[in-house]
Amino acid sequence: MEYNFREIESKWISFWKANGSYNVSENSPGEKYYVLDMFPYPSGAGLHVGHPLGYIASDVIARYKKLLGYNVLHPMGYDSFGLPAEQYAIQTGQHPAVTTNKNIERYRDQLDQLGFCYDWEREVRTSSPEYYKWTQWIFKQLFDCYYDKESKQAERISKLIEQFELTGNANVKAETEFDKTFSASDWKGFDNAKKETILQEYRLAYLAESWVNWCPELGTVLANDEVVNGKSERGGHPVLQKKMRQWSMRIKAYSERLLQGLNEIDWTDSLKEQQRNWIGKSVGCSVSFSLDNHDKKIEVFTTRPDTIYGVSFMVLAPEHPYVKEITTQNNTSAVKSYQESASKKSERDRQSDVKSISGVNTGAFAIHPLSGEKIEIWIADYVLASYGTGAVMAVPCGDQRDYDFAKHFGIAIKNIFKDIEIEEGAHTEKTGTLKGSDFLNNLTVSEGIKKAITVLEERGIGKGKTNYRLRDAVFSRQRYWGEPFPVYYENDIPKTVDDAQLPIELPKVDSYLPTKDGEPPLARADKSAWNHFEGDRMEFNTMPGWAGSSWYFLRYMDPKNLNEFVSKERSDYWGQVDLYIGGAEHATGHLLYARFWTKFLFDQGYISFDEPFKKLINQGMILGKSSFVYRLPDTNTFISKNKIEGQNVQAIHVDISLVENNHLNIDGFKNWRKEYRNATFIYEDDGAYICGDEVEKMSKSKYNVQTPDELIQKYGADTLRLYEMFLGPIEQSKPWDTKGISGVHNFLRKCWRLYCGPDGSSILQFQQEPKKASLKTLHKTIKKVREDLDRFSLNTCVSSFMIAVNEFTEQKCNDLEVMQQFLILLAPYAPHFCEELWMKIGKEEGTLFTAKYPVFDQSHLVEDSFDYPISFNGKMRFKANFSLSLSRDELQSQVEALELTKKWLDGKTPKKVIVVPGKIVNIVV
RNA sequence: GCGGAUGUGGUGAAAUUGGUAGACACGCUAGACUUAGGAUCUAGUGCCGUGAGGUGUGUGGGUUCGACUCCCUCCAUCCGCACCA
């Protein structure tokens, strides 16, 4: 009986389900291991072959670790709040929950077919009230905390209030933008509204008027990472800047810890770099410049305080608050019109137009804090209001933009670098020594920076300072299908509801659109629609997509806990995610937010680790391979690919299901579309029609979407699993190509024949003495597969399996002991296949994954001779077999005595002979 | 512009501390077998050359007995960030 994958796979899938084979318990023996996939958003389209790549990899690792005796947590769930379901709801009136559940069912079906060992008892869905109850609870904790810069962690807001009551806010070292001071008695005199307004300046989850990315098309605000090139990440709609009262997360407070934490985790350099870049730390110094004829001082931020004597002008952002007051009369109109045109320029224009230099002189002067010189103050849009202080001290000799600006407007450039020419451009490298800089003369850059900060601090002119580019994250969305906030308003003061009232469930609404007044959809719900209503009104916004995904990995540990988001006991047991697999597109979104929440929960003592994901692998994207047929213009005649030369043809996408190894299925093609029914073809010489191909992103319109379903139908899940792993290194992006899948399928069939005869029963026998060659093959494979899996080189394992099967076949190996061990090696990749054979060779049904992983034994690999490559000047010329017991000298003389050696020496005497026992002999001529 | 990654046959790719470049597959060529199959088996397959042999890991250089691997230069592709003071 041939390998009947359909029967086998459906049998084992139901067996595992019925027996709860993959349910995980905290009480099982073995060290814990937590393997996690990024949970999917269940879209209507279902999975294509690219999605499971990461899931298969994590499943292989999970099963491998299980076999090694680890207690493996390998859960799956759904990030089920999101825009598509809501937009579908707007169009059809169907509740998003209905669509979402339908999609989840389809996902589950597809996932089940692939034979994953998820513990479905632990499934989470971010949109289920049992889950978002705890998302709301975590929000409450964030609301109730501030970031203490002294203890460098989140603390309860009650502690802050205590300090306010004792000494006011003068001595408080907390993360805030609030710059006014008040005394204890001031505080006590404030009314509740005023107190809350101030507290909002400190809370980690806070309400504030802030500039937000507003997308009118989607009718909602977006986080910075959801905006790509000035357009929305989803849908590509234009995004504007708008000031709105919004919930935000004070992630900025964690900048430094988020940065430092990267050093402790095993992620790729590129991903860490992306996060470092996003956090954007720059160390420098703030310097305040007094103004000529004004009381005010302008503060600038610089990373190069050493160049302070090179300052020849100052530039403010057009939006800088002082511009209006300091501008002199005769410059007013120019300044005003510049400000106007700058404000009209969209962010996008400002970004794309980097080269042109523009700016206007305000006519005002600043006083150089050290030299006392008068310095012109300009405004220009290359200075950004949102970064630093919105003002820069311009050092044209050391900064290219300042240099260009000075040249353009004919401002003097002072050179403060010793022996360095700046005729051509600024000296931007951090090299050389200073001149014309008073106490900084002859110092190098790093010495100068240190010295400058010290002196500026001594004289009270400046202060060492670190800036981060990371912005606080906007946390409200004007949408329906998201977590409601556990917040109500009383006299416009936001208050959180009691824990006992959680979850605040999504109320029913008559429509999922905003109200006429532009309020979010939740404003449509009347009082009775809410399961809990308090105060004057509930919060109408909902949370963003990243709320639920910032902590889901914790819920898997304790998914049914009704009293806590996760018990301390459980989170202590499972700890960090040991291996996290998912796409790199979440670099500055999910992966940053999840780290932030983890650190917060750690600060508050709810969990004992402050980095969620110890190791992270980004699986590459699988691209589609489109197929083309070539039509002669205005005809129904199609020319095979190799016959089109010199012809004017029209390339047309053809559905890839009609193409096998670039051969077109002619009948299928004729039936594909009505207009092709009577198509005629010009074939290759061998009578086939060959299609062209191109690598593109998978998309419906290109007819290049490959669903796993079809392939499972055709070859089985085990083949697909092996094939996706065989394709190449997991991190690499690659085009999907079905070409090689038959090779992998044939491998499984060949392997099957090693175990089963034509009647389908086992042909293996117990041998007193296994063949040496077979033992060698087995142990070679054990070694290789273990090493490869331990470094996540999943593709090379498949090759090893193939080599082993080829060798076993050649050896006609029918040794029960050997073949049984091989089955365990292969099991993580082809679980159904191996379980079936495991049973056939006489093991108890379904016990494969409780088996002991084979142990590598070096003694089976010991050889007494070796085929030495003999090379001349590093080039291998021939091989010769020698005993491994030979000494270096013996080996050398035996090699020199060989006929072939003499031939290659061609009469010359070797200058030197390198002998590396067991490796190589190299003769230098 | 800055940062990161990647360049190896017709294709996907191997080569873990420098030691036989191209394992394993796909594809292709030739053959065997057969109630013609998307089956199985055998042989071959980097390039040039009939051959001996030469040559070959993006380019050019270097270190070394020996370099896909280490160092420097340049080029190309992909990804991320981008007037960040």
[X] side chain, from C-beta outward: closest of [options]:
{"X": "Trp904(A)", "options": "G53(B), G19(B), C65(B)", "result": "G53(B)"}
{"X": "Tyr387(A)", "options": "G38(B), C83(B), A85(B)", "result": "A85(B)"}
{"X": "Trp278(A)", "options": "C84(B), C81(B), C65(B)", "result": "C81(B)"}
{"X": "Thr303(A)", "options": "A85(B), U55(B), U16(B)", "result": "A85(B)"}
{"X": "Leu384(A)", "options": "C83(B), G27(B), U20(B)", "result": "C83(B)"}
{"X": "Val392(A)", "options": "U20(B), C24(B), A85(B)", "result": "A85(B)"}
{"X": "Ser742(A)", "options": "U20(B), C24(B), C26(B)", "result": "C26(B)"}

With heavy atoms under 4.0 Å as the rule, sort [X] into base, sugar-phosphate or nothing.
{"X": "Lys911(A)", "result": "nothing"}
{"X": "Ile914(A)", "result": "base"}
{"X": "Arg471(A)", "result": "nothing"}
{"X": "Asn806(A)", "result": "sugar-phosphate"}
{"X": "Asn922(A)", "result": "base"}
{"X": "Gln274(A)", "result": "sugar-phosphate"}

Figure out the [atom1]/[atom2] separation between [X] and [N], and round it to whole Å.
{"X": "Phe747(A)", "N": "A23(B)", "atom1": "CZ", "atom2": "P", "result": "18 Å"}
{"X": "Phe301(A)", "N": "A85(B)", "atom1": "CZ", "atom2": "P", "result": "7 Å"}
{"X": "Lys912(A)", "N": "G19(B)", "atom1": "NZ", "atom2": "C1'", "result": "15 Å"}
{"X": "Tyr868(A)", "N": "C65(B)", "atom1": "OH", "atom2": "P", "result": "21 Å"}
{"X": "Glu787(A)", "N": "U17(B)", "atom1": "CD", "atom2": "P", "result": "11 Å"}
{"X": "His745(A)", "N": "A39(B)", "atom1": "NE2", "atom2": "C1'", "result": "11 Å"}
{"X": "Arg877(A)", "N": "G53(B)", "atom1": "CZ", "atom2": "P", "result": "8 Å"}
{"X": "Met621(A)", "N": "U77(B)", "atom1": "CE", "atom2": "P", "result": "18 Å"}

> Does the pair Asn263(A) and Lys272(A) meet the rule for a side chain to side chain donor-acceptor pair (under 3.5 Å), with working shown?
Replying inline: CA-CA 9 Å; Asn263(A) 300 327; Lys272(A) 287 189 189 181; 5.8 Å; no
>> Could you check whether Phe882(A) and Phe866(A) have their ring centres less than 6.0 Å apart?
In response: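 No, they do not, as the ring centres are separated by 6.0 Å or more.
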> Are the ring centres of Phe5(A) and Tyr715(A) closer than 6.0 Å?
Replying inline: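 No, too far apart.
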>> Using only modelled atom types and a 3.5 angstrom limit, is any donor from either the side chain of Asn277(A) or the base of C81(B) paired with an acceptor on the other?
In response: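 When only heavy-atom distances are counted, Asn277(A) does not reach the base of C81(B) through any donor-acceptor pair under 3.5 Å.
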What's the gap between [N] and [M] when it is taken at their [atom1] atoms, as a whole Å value?
{"N": "C68(B)", "M": "A21(B)", "atom1": "C1'", "result": "8 Å"}
{"N": "U69(B)", "M": "U8(B)", "atom1": "C1'", "result": "12 Å"}
{"N": "G58(B)", "M": "U17(B)", "atom1": "C1'", "result": "26 Å"}
{"N": "G7(B)", "M": "G22(B)", "atom1": "C1'", "result": "16 Å"}
{"N": "G12(B)", "M": "A23(B)", "atom1": "P", "result": "15 Å"}
{"N": "U57(B)", "M": "A67(B)", "atom1": "C1'", "result": "11 Å"}
{"N": "G9(B)", "M": "G56(B)", "atom1": "C1'", "result": "10 Å"}
{"N": "A25(B)", "M": "A43(B)", "atom1": "P", "result": "13 Å"}

Does any nucleotide pair with [N] by Watson-Crick or G-U wobble geometry, both distances under 3.5 Å, and what is it?
{"N": "A14(B)", "result": "none"}
{"N": "C83(B)", "result": "none"}
{"N": "A5(B)", "result": "U77(B)"}
{"N": "U40(B)", "result": "A32(B)"}
{"N": "U45(B)", "result": "G27(B)"}

>> Looking at Glu787(A) and Lys784(A), is there a salt bridge between them, counting it only when a charged N and a carboxylate O are closer than 4.0 Å?
In response: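 Looking at Lys784(A) and Glu787(A), the cut-off is not met.
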> Salt bridge or not for Lys776(A) and Glu863(A), using N-O below 4.0 Å?
Replying inline: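 Yes.
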> Should Tyr868(A) and Val895(A) count as side-chain neighbours, where that means a heavy-atom distance under 4.5 Å?
Replying inline: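 Side-chain contact under 4.5 Å: no.
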> How about Lys615(A): does its NZ atom have over 12 heavy atoms from other parts shown lying under 6.0 Å from it?
Replying inline: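 Yes.
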> Would one find more than 12 heavy atoms of other residues, nucleotides or ligands at under 6.0 Å from atom NZ of Lys463(A)?
Replying inline: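 No - once you tally the heavy atoms of other residues, nucleotides and ligands closer than 6.0 Å, there are 12 at most.
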Distances under 3.5 Å between protein N/O atoms and the N/O atoms of nucleotides 40-45 of chain B, please, pair by pair.
from	atom 1	to	atom 2	distance (Å)
U40(B)	OP1	Asn746(A)	OD1	3.4

> Do Ser282(A) and Asn467(A) pass the side chain to side chain donor-acceptor pair (under 3.5 Å) test, and can you show the C-alpha distance, the side-chain angles, and the key distance before you say yes or no?
Replying inline: CA-CA 5 Å; Ser282(A) 60; Asn467(A) 249 329; 5.3 Å; no
>> Apply side chain to side chain donor-acceptor pair (under 3.5 Å) to residues Tyr382(A) and Asp402(A) and explain how you reach the verdict.
In response: CA-CA 10 Å; Tyr382(A) 82 82; Asp402(A) 296 347; 2.7 Å; yes
>> Does A5(B) have OP1 or OP2 under 4.0 Å away from a side-chain N or O of Asn618(A)?
In response: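 Answer is no, no contact under 4.0 Å.
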> For RNA chain B, whose closest nucleotide is more 5', that of Arg469(A) or that of Val924(A)?
Replying inline: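 This one resolves to Val924(A).
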>> Here's a test of your reading of the structure: between Lys903(A) and Met802(A), which maps to the more 5' nucleotide of RNA chain B?
In response: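 Comparing both residues, the 5'-ward one is Met802(A).
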Ignoring hydrogens and angles, write down the donor-acceptor pairs under 3.5 Å from the side chains of residues 912-920 of chain A, residues two or more places apart or on other chains.
none

> Would you call G9(B) syn or anti, using the 90° rule around 0?
Replying inline: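 Syn, angle within 90° of zero.
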> Roughly how far, to the nearest 0.5 Å, is the OG1 atom of Thr781(A) from the CE atom of Met802(A)?
Replying inline: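 Between Met802(A) CE and Thr781(A) OG1, I get 13.0 Å after rounding to 0.5 Å.
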>> To the nearest 0.5 Å, what is the distance between CE on Met621(A) and CH2 on Trp736(A)?
In response: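 Going from CE on Met621(A) over to CH2 on Trp736(A), the span is 15.5 Å.
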Produce the list of close N/O pairs, under 3.5 Å, pairing protein atoms with atoms of nucleotides 10-14 of chain B; give distances to one decimal.
from	atom 1	to	atom 2	distance (Å)
G12(B)	O2'	Leu727(A)	O	2.5
A13(B)	OP1	Gln732(A)	OE1	3.0
A14(B)	OP1	Asn795(A)	ND2	2.8

